[in-house]
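Take a look at the structure set out below.
In listed order, ligands and their atoms are each counted from 1. Worth knowing before you read on, the calculation uses all heavy atoms, side chains too, and leaves out hydrogens, waters and symmetry mates.
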Amino acid sequence: MPKNFYITTPIFYPNDKLHLGHAYTMIVADVIARYKRSQGYKIYFQTGSDDHGEKIAKKAKSLAITPQELVDKHVLLFQKLWKELGISNHIFYRTSFLIHKEKTQKVFTKLLEKGDIYLGNYKGNYCITCEDYIKESKINNNYCPFCHSELRLIEERAYFLRVSKYYPNLMNYYEKNPDFILPLNIKKELSENFLKNDIRDLCITRRDVKWGVQVPNNQELVIYVWFEALLNYLTSEIGERNFFSTENNCEIIQIVGKDIARFHGIYWPIILMLLEAKLPNKILSHGWILSEGGKMSKSKGNVVDPLELLKIYPQNLLRAYFIGKINFLQDGILEEELLKSFYQDFFVNNLSNLVSRVNKMVILYNNGIIPEFDEKINNEKLKDYYYKCCLIVKFFQEHMNKYELTKAFSQIQALLVLTNKLIQDLSPWELAKKRDNLLLNSTLNHSCNGIKIIAFLLNCIIPDTSKKILEVFNVKLEELNWNTLFDFSFLDGVKVKLLKNHLYEPIK
Ligand code: MSP
């Protein structure tokens with residue numbers, strides 16, 4: 001039976017359009033999902049919308065529409081964006097679904113009965129933009145230290161989640177599973193700054209908010225939006241099945257941005273422990289997409305609308321840039337000029353040129369038929385190239401298995417360079433002049449097979465480009481797998497298509 005792979009993204013706030021930072025989270029998750037799919041896993045890929053909370057209610061009020069109308073409108077835009085970004089098959093789950101509300105209430109009741117939720121008094125400051133309670137020591141003149149919005153003092157009877165009870169267990173878990181949260185600096189920060197200092201229980205209800213899931217048997221209180229939102233990962237049918245599965249055949253990977261690593265690295269595992277559920281295998285906390293003024297965010301007003309960008313640049317460019325140019329798990333910059341030069345460099349100068357070059361040579365020197373490799377040839381350069389191709393496939397997988405996406409991408413770039421070098425070194429045009437057909441054919445064979453590998457490895461990152469390349473060589477993606485990559489007789493006798501234009505032309 002194939003192993004299950006459950007991958008989640010945070011659920012996005014539908015109070016507005018999404019920006020490039022959000023698109024980044026989603027693309028990263030999609031690349032991992034596609035890779036694991038190619039490895040034979042059964043993929044459950046869940047994303048969705050975080051429909052409730054004060055922020056949404058406030059925005060809807062300012063527009064004189066209902067919160068439901070507001071979120072429904074934005075969710076349509078999310079889905080349009082995922083389509084345009086080429087996000088593969090996924091579950092789009094919403095916290096305004098009835099099933100989520102019912103199951104969230106059940107969780108609340110269960111924890112209340114167990115004594116892990118209790119009634120107390122809350123006094124503190126709340127940031128609506130972050131939907132978070134802000135610690136006294138961090139507050140600067142009544143403003144949020146993270147987004148600089150004005151804070152609101154809240155003083156009310158409220159329910160608390162007894163997280164303090166499980167802090168030692170979580171510490172213990174961190175120690176036993178050193179790479180539970182990646183990167184390590186985020187884990188370190190969580191354990192030093194929060195786990196060791198902050199052992200307060202979490203306030204999980206709100207009195208003055210109406211747009212949310214009601215506390216069972218209580219007309220006055222709604223469940224705190226973060227507590228409710230985290231539960232989305234296990235109130236969906238797939239989530240419940242995977243988090244409560246008794247068999248050990250499911251890997252759970254959760255992607256989050258570092259701004260929300262605390263919720264996912266501390267509260268979330270504790271909630272799971274309280275519910276006696278499994279813990280995710282890994283939480284990957286990625287960095288921020290920065291643009292002028294720092295982290296791209298609505299409150300800073302420096303956001304780029306991905307739907308606008310996609311009107312000018314192809315989906316693949318954005319995907320490849322995010323994976324290849326932004327060191328995974330670290331912050332990275334996206335500016336139009338950088339995007340353009342990456343396009344010219346990677347898509348035009350490297351990828352497209354190589355494909356055209358090899359395509360042309362196969363047509364010119366062998367009537368468009370991909371020739372066989374002649375075993376009798378004992379050419380060091382070809383041997384070395386084959387050996388390196390095998391290594392690159394191996395390294396690519398090793399990196400991907402460790403979620404080192406940018407390092408995996410650089411293996412593809414290395415193969416592009418190697419293939420170009422092979423052609424340069426063996427100079428098929430000279431071989432043709434000398435009528436050294438054996439070596440000429442073997443060189444063409446290896447170049448085509450190298451491109452086949454490049455296209456296959458690119459598939460999880462830029463599937464459209466990968467398909468486009470394979471079409472030139474008349475191969476269907478489904479015909480390839482991780483083993484056929486090593487078989488350099490795979491393309492023997494295949495007739496290539498005449499490529500009239502380059503796959504990617506320079507931007508004017
Ligand atoms: N609704 C919560 C998540 C609840 S999950 C149970 C939330 N939503 S969000 O819409 O604000 O953010 C969703 C994701 O986008 C988060 O992972 C966040 O880190 C990511 N990003 C938002 N701005 C970003 C950048 N500028 N750069 C990279 N990712 C960023 O938080």
Regarding K3 and the six-membered ring of Y41, is the cationic atom NZ or CZ under 6.0 Å from the ring centre and inside 45° of its axis? no
Is the closest side-chain heavy-atom distance between N232 and T104 below 4.5 Å? no
I want to check something: taking the side chain as every heavy atom from C-beta on, are L170 and M273 in contact at a cut-off of under 4.5 Å? yes
Contact residues of ligand 1, where a non-hydrogen atom lies under 4.0 Å away: P10, I11, F12, Y13, H19, G21, H22, T25, D50, W226, A229, L230, N232, Y233, V256, G257, D259, I260, H264, H286, G287, W288, I289, K295, M296
In a table with atom names and distances, give each donor-acceptor pair under 3.5 Å that connects a side chain of residues 110-119 to protein atoms at least two apart or in another chain.
| from | atom 1 | to | atom 2 | distance (Å) |
| --- | --- | --- | --- | --- |
| K114 | NZ | D116 | OD2 | 3.3 |
| K114 | NZ | L274 | O | 2.5 |
| D116 | OD1 | K165 | NZ | 2.8 |
| Y118 | OH | D201 | OD2 | 2.7 |

So, Q411 side chain and F395 main chain: donor-acceptor pair closer than 3.5 Å or not? no
Start with the C-alpha gap between E240 and K103, add the side-chain angles, then the distance that decides, and say whether salt bridge (charged side-chain N to carboxylate O under 4.0 Å, His left out) holds. CA-CA 10 Å; E240 187 164 28; K103 286 197 194 165; 2.6 Å; yes
